Amino acid sequence: LLLFGAVQLTMLGWALRSGERFGPRRTGGMLLAVAGLVYLLLPGASAPDPVGALLMVLAGLAWGVYSLLGRGSADPVADTAGNFLLATPLALLALAVVPLAGDTPLHLSRRGVWLAVASGAVASGFGYVLWYAALRGLEAGQAATVQLSVPVIAAVGAVALLDEPLGARLVIAGVVTLGGVWLALARPANNGKPSRARGS
């Protein structure tokens, strides 16, 4: 909730600052999607460690900025590859420093390293490329709303791939969240303009 709240505040704040306006339909859809997300996540939430909470908020701010910058991407593949290259030194630094601050020694296995590469470099990289490509057709407010569907999609993936139970809460939250996203993104067929009879 902290992560997605920070993402929403960052992207919606930029949208309002940039002059985007939200009509009743779009606002209602966003609120509906937020309600679905809260219904899905809140029952399992607990008071976080302050440092962990701060780091999660900073991660949300960073992801919001990353998404806003992606709206101007002309080449999602090249931009994502460049971002990964820039992040690699920081990841290596964390790999060296973080274990020294904890009580658990670092242990690397060949299988673990390959799984990390497949998850981080391949799967995440592909996802970021798709996200940057999709952002080009979305306003900042629309992109913020689409973000709300991510936990629902992840939960459905867990049901399909990891044999997680499909409960009523996920079904209800999924319908409410995705329905809100659709409501916020859908446009009237005539874009709000009165239709004219042919030949008039």
Side-chain angles (χ1 to χ4, degrees), residues 1-45 47-48 50-80 82-84 86-87 90 124-125 127-156 172-195:
L1 290 175
L2 288 173
L3 174 69
F4 280 90
V7 172
Q8 295 301 305
L9 289 175
T10 301
M11 298 186 71
L12 291 177
W14 179 262
L16 292 173
R17 185 178 181 276
S18 302
E20 288 187 36
R21 294 295 177 261
F22 306 101
R25 176 185 180 128
R26 191 168 171 184
T27 301
M30 291 172 59
L31 293 176
L32 189 63
V34 169
L37 181 63
V38 171
Y39 178 68
L40 177 65
L41 299 179
L42 189 59
V51 175
L54 175 61
L55 292 174
M56 192 61 69
V57 169
L58 291 176
L61 293 172
W63 180 251
V65 172
Y66 183 86
S67 295
L68 290 169
L69 293 174
R71 295 173 59 238
S73 174
D75 189 343
V77 175
D79 289 341
T80 300
N83 292 336
F84 271 54
L86 291 174
L90 295 176
S124 294
Y128 292 164
V129 168
L130 290 179
W131 180 232
Y132 261 28
L135 282 170
R136 290 183 294 181
L138 298 174
E139 296 178 347
Q142 291 176 322
T145 305
V146 171
Q147 293 272 12
L148 294 172
S149 65
V150 172
V152 174
I153 295 172
V156 171
I172 295 172
V175 170
V176 173
T177 302
L178 296 181
V181 171
W182 173 83
L183 187 65
L185 298 183
R187 297 178 181 273
N190 57 2
N191 291 324
K193 299 179 181 179
S195 59

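Given the structure is predicted, the values throughout are model-derived calculations rather than measurements.
What you find for A15 and G141 is that their closest heavy atoms are CB-N, 3.7 Å. Between Y39 and A173, the shortest heavy-atom distance links the atoms CD2-CB, 3.8 Å. When all heavy atoms are compared, the tightest approach of L61 to T10 is CD2-OG1, 2.9 Å. Shortest non-hydrogen contact noted between A6 and G60 is CB-CA, 3.8 Å. Here the closest non-hydrogen pair linking R71 and L138 is NE-O, 3.2 Å. Considering all non-hydrogen atoms of both residues, R25 and L183 come closest at NE-O, 3.3 Å.
Remark: aromatic rings of W131 and Y128 are distant, center separation not under 6.0 Å.
Of the inter-residue distances, the one linking R17 atom CZ with L12 atom CG reads 15.0 Å to the nearest 0.5 angstrom. Taken to the nearest 0.5 Å, the CG atom of L3 stands 11.0 Å off from the CG atom of L58. In this structure, CZ on F22 lies 9.0 Å from CD on Q142, to the nearest 0.5 angstrom. With rounding to the nearest 0.5 Å, the separation of OG1 in T145 from CG in L31 is 9.5 Å.
Checking side-chain atoms of E20 against main-chain N and O of A140 turns up a donor-acceptor pair under 3.5 Å. In this structure a side-chain-to-backbone donor-acceptor pair under 3.5 Å is present from S149 to V146. The backbone N or O of A144 sits less than 3.5 Å from a side-chain atom of Q8, completing a donor-acceptor pair.
Side-chain contact between R136 and P76 is present, with heavy atoms from C-beta onward closer than 4.5 Å.
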Next on the checklist: What verdict does the side-chain contact (heavy atoms from CB on, under 4.5 Å) test give for R26 and R21, after you've listed the backbone C-alpha separation in whole Å, the side-chain angles of each residue and the deciding distance to 0.1 Å?
Outcome noted: CA-CA 9 Å; R26 191 168 171 184; R21 294 295 177 261; over 6 Å; no
Checklist entry - Run the side-chain contact (heavy atoms from CB on, under 4.5 Å) check on Y132 and Y66 step by step: do they pass? => result CA-CA 9 Å; Y132 261 28; Y66 183 86; 3.4 Å; yes
Item to check | CA sep, side-chain torsions, deciding dist, call: M30, L148, side-chain contact (heavy atoms from CB on, under 4.5 Å) | outcome: CA-CA 9 Å; M30 291 172 59; L148 294 172; 5.6 Å; no
Checklist entry - Step by step, would you call L135 with S67 a side-chain contact (heavy atoms from CB on, under 4.5 Å)? => result CA-CA 8 Å; L135 282 170; S67 295; 4.3 Å; yes
